[in-house]
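What follows is a single structure, written as structure tokens, with notes after it.
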Number of protein chains: 4
Amino acid sequence: MNKKNKSTKQKEMSFIEKARRAQIVKCAIETIAEVGYAQASLGQIAKRANISKGVISYHFANKEELLEQIPIEYYLAWQAYITPRIEAQKSPKEKLQVYIEANLAFIDENRQHVFAVIETVSNKRTDDGKLQFAADHDEAILLPIESILTQGIQEGVFREFTKSSARVMALTIRSAIDGFTLELTRNPHLDVQEYTRELVTIFDKSTKK
Amino acid sequence: MNKKNKSTKQKEMSFIEKARRAQIVKCAIETIAEVGYAQASLGQIAKRANISKGVISYHFANKEELLEQIPIEYYLAWQAYITPRIEAQKSPKEKLQVYIEANLAFIDENRQHVFAVIETVSNKRTDDGKLQFAADHDEAILLPIESILTQGIQEGVFREFTKSSARVMALTIRSAIDGFTLELTRNPHLDVQEYTRELVTIFDKSTKK
Amino acid sequence: MNKKNKSTKQKEMSFIEKARRAQIVKCAIETIAEVGYAQASLGQIAKRANISKGVISYHFANKEELLEQIPIEYYLAWQAYITPRIEAQKSPKEKLQVYIEANLAFIDENRQHVFAVIETVSNKRTDDGKLQFAADHDEAILLPIESILTQGIQEGVFREFTKSSARVMALTIRSAIDGFTLELTRNPHLDVQEYTRELVTIFDKSTKK
Amino acid sequence: MNKKNKSTKQKEMSFIEKARRAQIVKCAIETIAEVGYAQASLGQIAKRANISKGVISYHFANKEELLEQIPIEYYLAWQAYITPRIEAQKSPKEKLQVYIEANLAFIDENRQHVFAVIETVSNKRTDDGKLQFAADHDEAILLPIESILTQGIQEGVFREFTKSSARVMALTIRSAIDGFTLELTRNPHLDVQEYTRELVTIFDKSTKK
DNA sequence: GATGAATGAGCATTCATTCAT
DNA sequence: GATGAATGAATGCTCATTCAT
């Protein structure tokens, strides 16, 4: 019901309505990035947006709906950035390299947003207390790696993988990218290019025959 | 002064006092693991421990002091588990293998605690809103990997690393382990042994000459 | 910064906002006067005002800011009452008489407020535990007496005073007025006019040549 | 019932018991004088006395009973100090002078205790919220002044007083002494002798024919 | 559409008091 | 006698949410 409502709503949304929501989400991202999830009250977000608290409630059913937009928007932007870059490559090896490069570049260019996503997602729980972890979303983010690996195995340029060892490989690549995010948080002046080069090397070596 | 007080206090603490504190910390870990950091109020923790809220305040100066124990205890247990296993190995290659194996086994055996540490640490902030991230602690956890890498480079069994590429390698190994934790959360029936074997393979390939 | 904020805020405050704050302060005064400082919790004050506890927090940053208004408002009302009455007199002797008369009348007409001020001020402490006692405020309240005394000495209608003996005189007059307040609390049906007459006599005798 | 209990108890009290109680009351006085009534929890008092909180509960039925001792002890000490000094004087004029001198000296020598009494008494309330103000105690403290005034009137050395104007006189003298206490709090280096001399002068002038 | 005002539940913390040892 | 441990009520405060204007 909820989902249906939302998609209905989105279709009915005026341009102005969309812009207002986008502005509020942007402020939510900034607020979470700067003061952290726990301190990011609607009051704080409203203050940053120079609007009244009520406006947020007007545009979003509740805080949850607002926070949900953060990973959603992130995923859309991420996909728009990553997909064409991978598709521009032919060989699985180059695709993997570009996947890593594009991800690190995207993270570097969207630090606040990435950070807000981490905070949001790691605090999101189902009603019974289980981490929701946007499982769908996480799987979606693994898909390109898995398809690259599959292609590379089929073409014989990668070493042999079972289905589950391919998954570990995919998860490890993904984890390495997330680890980069954390390191970037700890050390904002990190040499991103060098980090990228090293990750490419590591996963080139660990996937090749 | 605060720190000094604490260590003084610890020396003065009776056995019973220590046991009570340990019990409360254990309940805090369980609570955070089950309902998440945000919902883990002192009331919730007390309810789980079947004690009154006041008892927690009696044994801990404040919530912060209680939550601090979670990573502290974890790190001590982790060290006690990991260190002898690594030291039992001679070659850097075997050490790296054992480091990965031991970490995954330790995580598997301490799922709740690991999880509570992640939640606690990722919600801990300094007064100005910056993630504290227990930087010291994080670095401490990298030390064994870095020293294994150094040894392997010197002995010529690993490929060449610059100082900073060794750091990326260390961070990637660490991230892979953290990624395992997340995957374990998502999928509790994960085949840990296989995951371990794959990670060992990946990092064997990516470090060797 | 705090102070500046406050005055800025006050200028920005709408009429409704001011009225609401005034209403809450009024209820705080009544509550303190009736149940005493220690029992005057925000909950009690809210109950008396028939509003929710949150409303107070909405209009005042914290309890301290609310309680601060009590002496502030009192002092302003006191000044508005006393000053013109003194200025309407020419001779120091008459001024002193009117000062006493006006103060006792003002106290009589504002019993609850006076009482709340005493409670508030005598419970206000700096962070290091020292009584704050609104020293400025106390001194401000002595000023008119001191200036009357100075005038009377210069004009030769009062006996000779050194600087510090004039201060003792001023303090004693002030104390006598405060003593009247206490007596009024103990005995609400006190004959105020007679008390006034006696005080005027006492200080007429003790100041004249 | 309560009162009876208490007097029964006092008769049964061993010397050791009395000493323990006296020590605790002394610490309560110090604590109130230093941190104020509101912060003077049993925990604070116990800490200062280097005993456990439970000890206080053991020796006193409740906090109220402990705090009651503060004005009681004060009054006894005050009486023991004041009475012989007044009785050593013959003339009402000298008695009044000595009353003022002795009070100021006593306050000066027992600053903490005086202060604790003020705090205690001004926070003491009956169950219906009325200030208790130790009415008995306050009247008791006025008695010597009133009897001095009566004597002076009868002997014709003081000006004429009606019954109620004599009371105002007594209250004013008492208030002046209390005002001295406050001034001493604000300004601990006050010249007590000069202050005494001035008060004596003021009340000599205001009582004489 | 937008806002300020109000709500009430929930939070961490303090504290007088009780009690078994 | 004395203590440490435990209790639970109360407090000031925060905040997501609701609502009249």
Side-chain angles (χ1 to χ4, degrees), chain A residues 14 16-17 20 24 38-46 49-67, chain B residues 12-14 16-17 19-21 24 38-46 49-67, chain C residues 12-14 16-17 19-21 24 38-46 49-67, chain D residues 14 16-17 20 24 38-46 49-67:
Chain A
S14 72
I16 279 195
E17 170 72 3
R20 206 75 166 108
I24 294 170
Q39 305 301 325
S41 67
L42 291 189
Q44 284 285 321
I45 295 170
N50 265 320
I51 55 176
S52 113
K53 253 191 324 178
V55 184
I56 299 179
S57 296
Y58 183 81
H59 290 286
F60 296 89
N62 48 36
K63 195 183 187 182
E64 201 185 344
E65 200 208 325
L66 166 58
L67 296 187
Chain B
E12 285 168 7
M13 253 187 248
S14 73
I16 276 196
E17 170 73 3
R20 204 73 168 110
R21 281 172 63 103
I24 294 170
Q39 304 302 323
S41 67
L42 291 188
Q44 284 286 322
I45 295 169
N50 264 321
I51 54 177
S52 116
K53 250 190 328 177
V55 183
I56 299 180
S57 295
Y58 180 77
H59 291 285
F60 295 89
N62 48 37
K63 194 182 186 183
E64 202 186 343
E65 200 207 324
L66 167 57
L67 296 188
Chain C
E12 286 168 8
M13 254 188 247
S14 72
I16 276 196
E17 170 72 4
R20 204 74 168 110
R21 281 172 62 104
I24 294 170
Q39 305 301 324
S41 67
L42 291 188
Q44 284 286 321
I45 296 169
N50 264 320
I51 54 176
S52 116
K53 250 190 329 178
V55 183
I56 300 179
S57 294
Y58 180 78
H59 291 284
F60 296 89
N62 48 37
K63 194 183 187 184
E64 201 186 345
E65 200 208 324
L66 167 57
L67 296 187
Chain D
S14 72
I16 279 196
E17 170 72 3
R20 205 76 166 107
I24 294 170
Q39 305 301 325
S41 67
L42 291 189
Q44 284 285 321
I45 295 170
N50 264 320
I51 56 177
S52 111
K53 252 189 330 176
V55 185
I56 299 179
S57 295
Y58 183 80
H59 290 286
F60 296 88
N62 47 36
K63 194 184 187 182
E64 201 185 345
E65 200 208 325
L66 166 57
L67 296 188

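Per chain, numbering begins at 1; letters A, B, ... match sequence-line order.
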Practice problem: Report the residue (B:N62 or D:G43) whose heavy-atom-nearest nucleotide on DNA chain E is the more 5′ of the two. | Solution: B:N62

Practice problem: Identify the two heavy atoms, one from B:A40 and one from B:K63, that lie closest to each other, and give their separation to 0.1 Å. | Solution: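 Looking at all heavy atoms of both residues, the closest pair is O-NZ, 3.2 Å.
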
Practice problem: Please report the closest heavy-atom contact between D:I24 and D:H59, naming both atoms and the distance. | Solution: CD1-CD2, 4.0 Å

What is the distance, to the nearest angstrom, from the [atom1] atom on [X] to the [atom2] atom on [N]?
{"X": "C:E17", "N": "E:dT3", "atom1": "CD", "atom2": "C1'", "answer": "14 Å"}
{"X": "D:E64", "N": "E:dA16", "atom1": "CD", "atom2": "P", "answer": "13 Å"}
{"X": "C:I45", "N": "F:dC13", "atom1": "CD1", "atom2": "C1'", "answer": "14 Å"}
{"X": "A:K53", "N": "F:dT18", "atom1": "NZ", "atom2": "P", "answer": "12 Å"}
{"X": "C:N50", "N": "E:dG8", "atom1": "CG", "atom2": "C1'", "answer": "15 Å"}
{"X": "D:I51", "N": "F:dG4", "atom1": "CD1", "atom2": "P", "answer": "11 Å"}
{"X": "B:R21", "N": "F:dG4", "atom1": "CZ", "atom2": "P", "answer": "16 Å"}
{"X": "A:L42", "N": "F:dC15", "atom1": "CG", "atom2": "C1'", "answer": "8 Å"}

Quiz item: Would you say the side-chain atoms of B:R21 pair up with the backbone N or O of B:F60, donor to acceptor, closer than 3.5 Å?
Solution: no

Practice problem: Using a 4.5 Å cut-off on heavy atoms from C-beta on, say whether the side chain of C:R20 contacts that of C:I51. | Solution: yes

Distance test, side-chain N/O of [X] to OP1/OP2 of [N], below 4.0 Å:
{"X": "D:H59", "N": "F:dG1", "value": "no"}
{"X": "A:S41", "N": "F:dT14", "value": "no"}
{"X": "B:Y58", "N": "F:dA6", "value": "no"}

Exercise. Report the distance from atom CG of C:N62 to atom CG of C:L42, rounding to the nearest 0.5 Å.
Key: 9.0 Å

Quiz item: How would you label the contact of C:S52 with the nucleic acid (heavy atoms, under 4.0 Å): base, sugar-phosphate, or nothing?
Solution: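 Result for C:S52 = base.
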
Quiz item: Given that D:R20 and A:A40 both sit by DNA chain F, which one's nearest nucleotide is further toward the 5' end?
Solution: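 The residue whose closest nucleotide sits nearer the 5' end is D:R20.
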
Practice problem: Once you apply the 3.5 Å cut-off to both distances, tell me the Watson-Crick or G-U wobble partner of E:dT21, or none. | Solution: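 Per the H-bond distance test, F:dA2.
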
Quiz prompt | E:dA12 - base-pair partner by Watson-Crick or wobble geometry, distances under 3.5 Å | solution =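 Checking every strand shown, E:dA12 finds its partner in F:dT11, with both distances under 3.5 Å.
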
Quiz item: Nearest to the side chain of B:K63 - E:dA5, E:dA16, E:dT13?
Solution: E:dT13

Polar atom pairs (N or O), protein with nucleotides 19-21 of chain E, under 3.5 Å:
none

